[in-house]
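Just so you know, these numbers use all the heavy atoms, side chains as well, and skip hydrogens, waters and symmetry mates. Chain A is the first sequence line, chain B the second, and so forth, proteins listed ahead of strands; every chain is numbered from 1.
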Amino acid sequence: MSKSSSDSKDFLRTIVEQDLKSSKYAEVVTRFPPEPNGFPHIGHAKSICINFGIADDYAGHCNLRMDDTNPTTEDTKYVEALKDAIEWLGFEWEGNVRFTSDYFPKIYDYAVELIKMGKAYVDSTDEEEMRELRGTVKEAGRRSKYAERSIEENLDLFEKMKNGEFKDGEHVLRAKIDMTAANMKMRDPLLYRIRHAHHFRAGDAWCIYPMYDFAHGLSDYIEGVSHSICTLEFENNRDIYNWVLDTLGLTLPRPYQHEFARLGINYTVMSKRKLLELVDGGQVSGWDDPRLPTIAGYKRRGYTPESILSFCDGIGIAKANSMVDVAQLEFSIRDDLNTKVPRVMCVLDPLKVTIGNYEGSEELDASYYPDDVPKEGSRILPFSKEIYIERDDFMENPPKDYFRLTPKQAVRLKHAYIITFKEVIKDADGKIVEIKAVYHPESKSGLDTSGIKVKSAIQWVEAKTAKRVEVRLYDRLFKEEAPEGVEDINPDSLKVIKNALIEPAVITDKPDVRFQFERQGYFYADPIDYTDEKPVFNKIVGLKDSWNKKEKKKAKESTSKSQEKKVQIDGEVVPMSEVQQKLYDKYTTELGLNSEVANTLARDETLSNFYYESLNLSEPSPNPVGLANMVSNEVARELKEKSLDALKFNPIQIGALTKMVENEIISSKIAKQVFEEMVKTGENPTQIVEDKGLVQISDPSKIAPIIDEVMEKNPDNVAKFRAGNTKLLGFFVGQVLKATGGKANPKVVNTLVNEKLK
RNA sequence: UGGGGUAUCGCCAAGCGGUAAGGCACUAGUUUUUGGUACUGGUAUUCGGGGGUUCGAAUCCCUCUACCCCAUCCA
């Protein structure tokens with residue numbers, strides 16, 4: 001499926017692959033879990049592609065689940081829109097559509113279980129007080145007095161909540177976690193709230209509803225989901241996700257949550273709120289307005305599902321917040337349609353041309369597809385002395401790189417004859433109303449013997465047979481790259497042309513619903529407003545237009561962008577405490593450490609203790625500088641993740657490791673390898689070196705032949721190096737090291753390679 | 001008492017100590033009865049900044065900076 005030529009995988013697929021390989025899960029199960037409270041947009045499409053795509057790639061399956069835990073915002077019409085979107089994109093969900101509301105009984109039972117474990121309580125403080133007690137990001141919160149309620153009381157209250165004995169907001173069920181947690185989400189999060197509201201599916205069966213954080217993980221678990229993929233803003237929620245499952249003792253195979261960056265596209269908005277604003281405010285015609293980034297909008301505009309899929313495939317998946325250029329989307333649809341749709345001729349802004357020397361009429365046979373599109377099909381093109389061409393395709397005083405019709409320049413009528421200008425006719429205001437021209441009979445398309453060279457072939461329609469059509473030209477909805485709201489709307493995002501002229505075959509033969517109007521762009525017969533009497537076409541996307549681009553560039557040539565470099569400001573460093581300063585001084589003066597290493601060590605008590613022990617207990621004692629480097633780099637890394645007593649190696653072993661490097665028994669590269677082994681097993685470095693035979697090779701006579709071999713295998717790079725590409729030195733050293741399993745002394749290799757390549 | 005993320009070309013994005021992938025955009029040329037397509041080239045001495053470790057750093061360590069997310073009884 002994934003046709004991307006590189007073997008690089010996104011980070012999610014990497015995780016899935018590892019989990020499958022380690023048999024963490026027998027099968028990958030994902031889910032697409034929207035809340036049915038709005039129309040899906042292209043951001044959802046990305047999520048759909050990820051969840052269904054991963055399931056497909058690894059022979060698993062993907063569920064569609066409506067996360068319907070909030071009865072006041074959700075509706076079944078959104079459920080239908082969501083289902084439509086997925087089907088349109090060509091994916092199939094496993095089994096029936098799932099609903100979180102189907103799991104309400106189970107989720108309720110889990111809540112009761114938590115209460116029985118003393119891990120949840122009914123809180124009766126009002127909203128305002130609760131907010132106050134929660135604290136702020138910089139201050140710890142305090143627990144409500146109701147947290148002291150007995151299990152029995154909680155059980156009783158919770159049941160009464162369920163039975164509808166309380167009003168909205170009177171009580172909530174909360175998890176008992178930690179009101180002082182640095183992660184705000186963990187300060188006794190709400191599990192259930194009372195809501196006497198009609199649920200679009202569950203009806204009035206419930207008056208308490210579980211919160212997202214409680215319902216989501218459990219629903220995933222109930223469905224046997226393995227990888228719960230969501231967007232970045234839920235990173236903080238991952239702790240609760242895990243807390244719920246862990247606390248309830250729900251073990252593997254249980255789902256784990258992974259987050260990716262949501263999609264942003266420039267010149268549009270993606271948030272439900274802003275989209276709703278546009279629809280409600282009448283800025284657009286509805287959820288399916290072709291200018292909207294909704295799936296319904298793209299569908300109405302004429303985008304193909306394939307193009308959306310290839311777009312999603314092209315943008316990749318990562319964790320960096322990003323804003324994709326619309327040009328990327330436009331490329332996807334052009335690229336898709338180019339090989340698919342028939343080319344026809346349509347004139348948007350007609351200018352009459354009368355061909356003085358042509359009499360009668362004829363029918364030309366014209367292929368729908370250019371030579372480079374391997375498709376068959378043609379239509380009849382009527383021709384006579386009266387035709388229309390695009391107003392843009394004639395210029396009285398053209399710039400010198402203008403290729404179209406001018407008083408001095410002939411032009412070909414696509415699929416027909418070459419014409420030459422005779423006369424221009426203007427009205428009282430000086431506006432051109434007609435061109436008089438002559439044609440060259442021997443220049444007929446395909447049978448041209450005229451020998452006339454023209455620079456371009458333009459589209460045209462025959463006056464009597466052309467059909468009048470409405471064409472809707474869409475441009476970006478916003479004029480700002482990162483629009484805030486309605487104030488940034490592009491006033492010219494929709495241009496309606498009522499009287500465009502199109503060749504008759506398009507209307508009578510209907511060879512397709514999507515067309516390329518030659519030299520203009522891709523268009524789509526509007527699925528709703530189109531009738532045979534009044535055909536309507538939507539512009540999907542324009543063709544790339546290097547002429548137009550050139551003109552525009554000329555127009556704003558002096559718009560010089562001041563490419564200012566970002567100036568980095570160095571912030572203030574926290575000053576050292578007295579003890580740290582003393583340590584620092586000792587390190588730099590007595591032991592001769594450089595300031596950076598001394599700084600790292602002095603500021604970290606655990607690290608400096610480790611260093612101290614290693615320096616004093618190791619026998620024979622290693623060079624303090626080398627040891628400090630080892631500790632402040634390698635050991636520091638391990639200590640970032642683990643606590644001191646979780647480390648498998650001890651200071652004395654590190655001393656021994658350093659000593660080996662000092663004595664040149666092993667290279668520093670090998671030392672890293674040995675260190676890694678020590679991290680895993682806690683074995684002595686000398687033992688590891690002995691077991692694996694890692695003693696370094698420094699004998700030039702042993703290394704030289706390997707270098708020769710490498711040079712022989714890479715003649716290109718040898719040449720490049722000799723031509724001055726000195727950074728290839730690293731390449732050669734790397735290759736030699738690889739050949740020796742890393743054992744060659746890199747210093748020796750370096751000098752040898754340098755000599756040989758000179 | 002703050003915490004969690006992120007930073008590689010104009011825009012996406014690979015890369016996980018040994019030659020800075022790829023796509024879009026841009027650009028030059030070839031082909032062309034679409035100023036389209038296709039094809040061939042050109043586009044990062046450098047990876048947010050500064051230090052350090054190393055023979056060798058986008059990758060390891062320290063530090064600074066910028067941006068995003070979190071204090072809904074929303075999801």
Side-chain angles (χ1 to χ4, degrees), chain A residues 4-6 8 35 37 67 69-70 73 127 130-131 134-141 168-169 172 180-185 187 190 192-195 211-212 216 232-238 259 261 266 314-316 318-325 327-328 331 334 338-339 343 370-373 403 412 414-415 445-446 448 454-459 516 518-520 543-548 550 566 568-573 594-597 599-600 603 629-630 632-634 636-637 667-669 672 717 720 725 727-735 737-738 745-747 749-751:
Chain A
S4 44
S5 53
S6 61
S8 64
E35 181 189 12
N37 69 345
D67 207 4
T69 57
N70 186 358
T73 57
E127 237 178 299
M130 198 177 291
R131 184 165 30 245
R134 187 146 35 218
T136 69
V137 288
K138 299 201 181 199
E139 287 166 51
D168 283 8
V172 293
T180 68
N183 180 355
M184 295 293 292
K185 297 269 183 201
R187 320 248 258 227
L190 270 63
Y192 264 94
R193 80 287 213 184
I194 301 171
R195 189 118 310 167
M211 306 292 291
Y212 166 85
H216 202 90
L232 242 33
E233 65 268 28
F234 292 100
E235 276 173 323
N236 296 319
N237 301 57
R238 190 173 58 228
E259 311 88 10
N266 57 8
I315 55 174
K319 293 191 80 150
N321 276 311
S322 52
M323 174 102 83
V324 177
D325 195 333
Q328 183 114 11
F331 166 80
R334 276 192 206 107
N338 177 44
T339 54
R343 320 287 140 127
D371 293 338
D372 49 18
V373 172
F403 294 166
R412 172 175 294 282
K414 177 96 182 174
H415 299 299
S445 184
D448 189 351
V454 290
K455 285 200 171 122
S456 75
I458 62 173
Q459 74 275 23
Q516 184 193 109
E518 294 248 14
R519 305 209 302 134
Q520 320 217 70
L543 257 26
K544 276 185 81 171
D545 188 350
S546 39
W547 166 248
N548 194 6
K550 226 190 262 179
K566 269 183 231 157
Q568 287 267 355
I569 301 156
D570 273 0
E572 214 138 293
V573 181
N594 74 38
S595 59
E596 198 61 35
V597 172
N599 189 46
T600 307
R603 281 175 185 275
N629 289 340
M630 184 76 71
S632 73
N633 283 285
E634 311 306 315
R637 179 174 59 244
S667 64
S668 58
K669 184 187 175 78
K672 300 224 173 189
N717 282 337
K720 274 191 213 162
N725 191 349
K727 66 184 169 184
L728 280 174
L729 181 66
F731 165 75
F732 286 110
V733 176
Q735 291 299 310
L737 249 41
K738 205 192 225 172
N745 182 333
K747 283 182 205 170
V749 175
N750 256 295
T751 51

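- Using N1 to N3 plus N6-O4 or O6-N4 for Watson-Crick, or N1-O2 and O6-N3 for G-U wobble, each under 3.5 Å, rC26(B) pairs with rG42(B).
- For the pair Asn750(A) CG and rG17(B) C1', the computed distance is 14 Å after rounding to whole Å.
- With a 4.5 Å cut-off on side-chain heavy atoms, Asn70(A) and Arg193(A) count as touching.
- Of all nucleotides listed (rG35(B), rA25(B), rA75(B)), rG35(B) comes nearest to the side chain of Phe403(A).
- Across the interface with RNA chain B, nearest-nucleotide mapping of Ser595(A) and Asp325(A) shows Asp325(A) to be the residue nearer the 5′ end.
- Among the protein residues, Asn717(A) comes within range of the nucleic acid bases, having at least one heavy atom under 4.0 Å from a base atom.
- Residue-level contact check: Lys727(A) touches the bases, meaning some heavy atom is under 4.0 Å from a base atom.
- With distances taken from any side-chain atom of Lys319(A) to the nucleotides rC74(B), rG5(B), rU34(B), the minimum falls on rG5(B).
- With distances taken from any side-chain atom of Phe331(A) to the nucleotides rC24(B), rC74(B), rU45(B), the minimum falls on rC24(B).
- rC67(B) is paired with rG5(B) under the criterion used here, namely a Watson-Crick or G-U wobble arrangement in which both key atom distances are under 3.5 Å.
- Neither OP1 nor OP2 of rG51(B) sits under 4.0 Å from any side-chain N or O of Asn594(A).
- Pairing partner, rA14(B): none, since no Watson-Crick or wobble contact has both distances short of 3.5 Å.
- Along RNA chain B, the nucleotide nearest to Leu729(A) and the one nearest to Thr69(A) differ in position, and the one closer to the 5' end is contacted by Leu729(A).
- Residue contacts for Val597(A): at a heavy-atom cut-off of 4.0 Å it reaches the sugar-phosphate backbone alone, with no base atom in range.
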Using nucleotides 29-33 of chain B, report all nitrogen or oxygen pairs with the protein that are shorter than 3.5 Å.
from, atom 1, to, atom 2, distance (Å)
rU33(B), O2', Lys414(A), NZ, 3.4
rU33(B), O2, His415(A), N, 3.4
rU33(B), N3, Arg412(A), NE, 3.4
rU33(B), N3, Ser445(A), OG, 2.7
rU33(B), O4, Arg412(A), NH1, 3.1
rU33(B), O4, Ser445(A), N, 3.3
rU33(B), O4, Ser445(A), OG, 2.4
rU33(B), O4, Gly446(A), N, 2.8

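- For the pair Ser667(A) and rU54(B), the criterion of a side-chain N or O lying under 4.0 Å from OP1 or OP2 is not met.
- Under a 3.5 Å cut-off, the side chain of Asn599(A) and the backbone N or O of Ser595(A) do not form any donor-acceptor pair.
- In this structure the side chain of Leu543(A) reaches within 4.5 angstrom of the side chain of Gln516(A), judged on heavy atoms.
- A donor-acceptor pair is defined here as one N or O able to donate and one able to accept, closer than 3.5 Å; such a pair exists between the side chain of Ser456(A) and the backbone of Phe403(A).
- Between the side chain of Gln520(A) and the base of rU34(B) there is no donor-acceptor pair of N/O atoms closer than 3.5 Å.
- With respect to Glu235(A) and Arg238(A), no salt bridge is recorded, no charged nitrogen being found less than 4.0 Å from a carboxylate O.
- Between rU53(B) and Lys669(A), no contact under 4.0 Å exists linking OP1 or OP2 to a side-chain N or O.
- Here the side chain of Asp372(A) is nearest to one of rC12(B), rU37(B), rA75(B), namely rU37(B).
- The phosphate of rC24(B) has neither OP1 nor OP2 within less than 4.0 Å of any side-chain N or O from Arg334(A).
- Closest approach to the Ala320(A) side chain among rC12(B), rU19(B), rA7(B) is made by rA7(B) (side chain taken as heavy atoms from C-beta onward).
- For the pair Tyr212(A) and rA75(B), the ring geometry does not qualify as stacking, because the centroid separation below 5.5 Å and plane angle under 30° are not jointly satisfied.
- Residue-level contact check: Ala327(A) touches the backbone only, with heavy atoms under 4.0 Å from sugar-phosphate atoms and none from bases.
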Check: In B/S/- notation, 5' to 3', how is nucleotides 59-72 of chain B contacted by protein heavy atoms closer than 4.0 Å?
Finding: -BBBSSS--SBSBS

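- In terms of modelled atom types and a separation under 3.5 Å, the side chain of Arg187(A) and the main chain of Ala181(A) share a donor-acceptor contact.
- Here Glu233(A) pairs with Thr231(A), Arg262(A) under the side chain to side chain contact (heavy atoms under 4.5 Å, CB included) rule; sequence neighbours left out.
- Using modelled atom types, no side-chain atom of Arg343(A) and backbone atom of Arg519(A) make a donor-acceptor pair closer than 3.5 Å.
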